[in-house]
Number of protein chains: 2
Amino acid sequence: MSLPYAILTALLEKPSSGLELTRRFDKSIGYFWSATHQQIYRELGKLEESGAIRALPGPRQPTRGQKKEYEVLPAGRDELAAWVARIEDPKPIRDALLLRLRAAGVVGTEGLEAEVRRHLALHRAQLAEYRAIEERDFGEGGKSEVDRLRHLVLRAGIDLERFWIGWLETARAELADLGAGAAADARTGPAATA
Amino acid sequence: MSLPYAILTALLEKPSSGLELTRRFDKSIGYFWSATHQQIYRELGKLEESGAIRALPGPRQPTRGQKKEYEVLPAGRDELAAWVARIEDPKPIRDALLLRLRAAGVVGTEGLEAEVRRHLALHRAQLAEYRAIEERDFGEGGKSEVDRLRHLVLRAGIDLERFWIGWLETARAELADLGAGAAADARTGPAATA
DNA sequence: GCGCCTTGTGCAACAAGTTGCATAAAGAAT
DNA sequence: ATTCTTTATGCAACTTGTTGCACAAGGCGC
């Protein structure tokens, strides 16, 4: 659905080979749309076939194991522009940890608090990483249109991490609170607390 | 990955048939882990085969088009309890709208503001729905362990919607601000603003 | 020259999720 | 009685995403 457009965007920002794209996905676009090199190569093939991109004519092209750079053609740019304005509903959340909290209601919370703490640490680390990028890339003023939009996206990432950190702290407190007394009856069944 | 556990949780809360599960997914568990009836039937088959659940012996079982209720067996309950404490990293965000904002940086923001406004309305509606559920199910005190955990999960949903609403408002303002002057050169290329 | 590591491209098989449709039973409508 | 709708289960085909591996070229050590 969205991967081809992510690739088109990356290629418009800078023509690249498959592996270069993979690396760039690992640090910037991949923060909100990750992809493995496999997906990227497959999609590059499709995009080339459909005429949205083309391989730059380099020294020698046809062999395997040789770098192959792509650039976006006008048709690809048009498709991307159309996608930007397309009507497409937001996808509902899909989060396994929330599911696990819910499951803990019926089978007990044993071991969950440690996992919540671990996630908390991971989200704090991610927040720190985002903040470092913000500092580095959007420190001073004088922002172009591209910069302002990129910063906006980054701020979504930052605020999302902040949300998770806040919520996980609440969750940890709640689990600790349930902990002591409830640990015993959680093992046999949760209904006893009522 | 998580779907079988979502189903086990739902079945422990109340033994059900495939279609009943589908309906329940549409209103409660599905808020953070959605599934179609197809996925659910397939997964029920696998879970039954692996001995995690079994069909309740009803009037007549074997025919098609006949309701078939399932309940969780001890093995299934144990698997679920193990999953609750399992180490599993949070998945990175995957959001098409953020991607579209980023794409707008290179192909122009035309048509995006309307889409942002539409999403804003959808998230406000979702928030209202969650708040109504909160009012209905967790209005007064006297909460059991299950209730407290369920409420915690619901609050994650509520705060996530609040996050999106806040961010989308910022985005809309930013797009409106870029709008007037930038609309012209966005069509030809974004670099002109620098 | 020969092994070895890195860079680079790609196939194949699988897992998860989506879409469209077929089938069957039971009850309501006429 | 027969048609229509609702409830219910399920197959088949497809798309997306993941994992493991194969293969090719070039640079480096010795």
Side-chain angles (χ1 to χ4, degrees), chain A residues 1-8 11 15-26 29-30 32-50 53-56 58-70 83 88-96 99, chain B residues 1-8 11 15-26 29-30 32-50 53-56 58-70 83 88-96 99:
Chain A
M1 335 157 248
S2 302
L3 182 58
Y5 304 106
I7 290 176
L8 288 173
L11 285 181
S16 311
S17 69
L19 199 62
E20 276 163 21
L21 278 178
T22 307
R23 290 205 238 275
R24 287 171 55 203
F25 265 69
D26 283 344
I29 291 192
F32 46 90
W33 201 279
S34 59
T36 61
H37 78 268
Q38 266 314 319
Q39 281 178 276
I40 289 171
Y41 282 119
R42 214 193 311 180
E43 213 58 57
L44 281 172
K46 282 192 211 163
L47 286 169
E48 188 179 18
E49 205 186 359
S50 80
I53 62 174
R54 69 156 179 195
L56 285 176
R60 66 238 127 220
Q61 284 305 318
T63 39
R64 193 171 179 166
Q66 289 290 80
K67 196 155 109 170
K68 199 172 164 193
E69 294 221 303
Y70 293 93
W83 178 70
E88 204 169 277
D89 286 349
K91 290 253 164 108
I93 331 155
R94 217 147 226 272
D95 188 274
L99 214 52
Chain B
M1 331 157 252
S2 302
L3 182 58
Y5 304 107
I7 290 175
L8 287 173
L11 285 181
S16 310
S17 68
L19 199 62
E20 275 163 22
L21 278 178
T22 306
R23 290 204 238 273
R24 287 171 56 203
F25 265 69
D26 284 344
I29 292 193
F32 46 91
W33 202 280
S34 59
T36 61
H37 78 268
Q38 265 315 319
Q39 282 177 276
I40 289 170
Y41 280 119
R42 214 190 316 179
E43 213 58 57
L44 282 172
K46 283 192 210 162
L47 286 168
E48 188 178 18
E49 204 185 1
S50 80
I53 63 175
R54 69 158 180 191
L56 285 175
R60 66 232 129 229
Q61 285 303 318
T63 39
R64 195 171 178 164
Q66 288 291 81
K67 193 151 104 168
K68 198 173 164 191
E69 294 221 305
Y70 293 93
W83 177 71
E88 204 170 276
D89 286 349
K91 290 257 164 105
I93 331 156
R94 217 149 227 271
D95 188 275
L99 214 53

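Residue numbers begin at 1 in each chain, while the letters A, B, ... track the order of the sequences. Being a predicted model, the structure only gives us computed values, none of them experimental.
- With contacts defined as side-chain heavy-atom distances shorter than 4.5 Å, the pair B:Asp95/B:Leu99 does not qualify.
- Taking the side chain of B:Lys68 as heavy atoms from C-beta on, and the options D:dG10, D:dA8, D:dG17, the nearest nucleotide is D:dG10.
- With sequence neighbours excluded, the residues satisfying side chain to side chain contact (heavy atoms under 4.5 Å, CB included) with A:Arg54 are A:Glu71, A:Leu73.
- Per the geometry, CG belonging to B:Leu21 stands 13 Å off C1' belonging to D:dA8, to the nearest Å.
- In this entry the distance linking CZ of B:Phe25 with P of C:dT18 reads 12 Å, nearest Å.
- Atom CD1 of A:Ile40 is separated from atom C1' of C:dG10 by 14 Å (rounded to the nearest Å).
- Atom pair B:Lys91:NZ and D:dT16:P shows a separation of 17 Å (rounding to whole Å applied).
- Counting to the nearest Å, the P atom of C:dT7 and the CZ atom of A:Arg24 are 18 Å from each other.
- Every residue was checked against the side-chain hydrogen bond (donor to acceptor under 3.5 Å, both in side chains) condition with B:Ser17, not counting sequence neighbours, and none meets it.
- The closest side-chain heavy-atom distance from B:Leu44 to B:Leu21 is below 4.5 Å.
- Residues satisfying the side chain to side chain contact (heavy atoms under 4.5 Å, CB included) test with B:Thr36, not counting sequence neighbours, are B:Gln38, B:Gln39.
- The phosphate of C:dG10 has neither OP1 nor OP2 within less than 4.0 Å of any side-chain N or O from A:Tyr41.
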Between protein and nucleic acid, restricted to nucleotides 13-16 of chain C and to nitrogen or oxygen atoms under 3.5 Å apart, what atom pairs and distances do you find?
{"residue": "C:dA16", "atom": "OP1", "partner": "B:Met1", "partner atom": "N", "Å": "3.1"}

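- In this view, A:Arg94 and B:Trp33, B:Ser34 satisfy the side chain to side chain contact (heavy atoms under 4.5 Å, CB included) rule, not counting sequence neighbours.
- The CG-P distance, from A:Leu19 to D:dA25, rounds to 17 Å in whole Å.
- Atom CD of B:Glu88 is separated from atom P of D:dT18 by 14 Å (rounded to the nearest Å).
- The nearest whole Å value for the distance from the NE2 atom in A:His37 to the P atom in D:dC21 is 13 Å.
- Screening residues 35-49 of chain B for salt bridge (charged side-chain N to carboxylate O under 4.0 Å, His left out), with sequence neighbours left out, gives B:Glu48-B:Lys68.
- Minimum atom distance to the side chain of B:Thr36 is reached by C:dT18, of the listed D:dA8, D:dC21, C:dT18.
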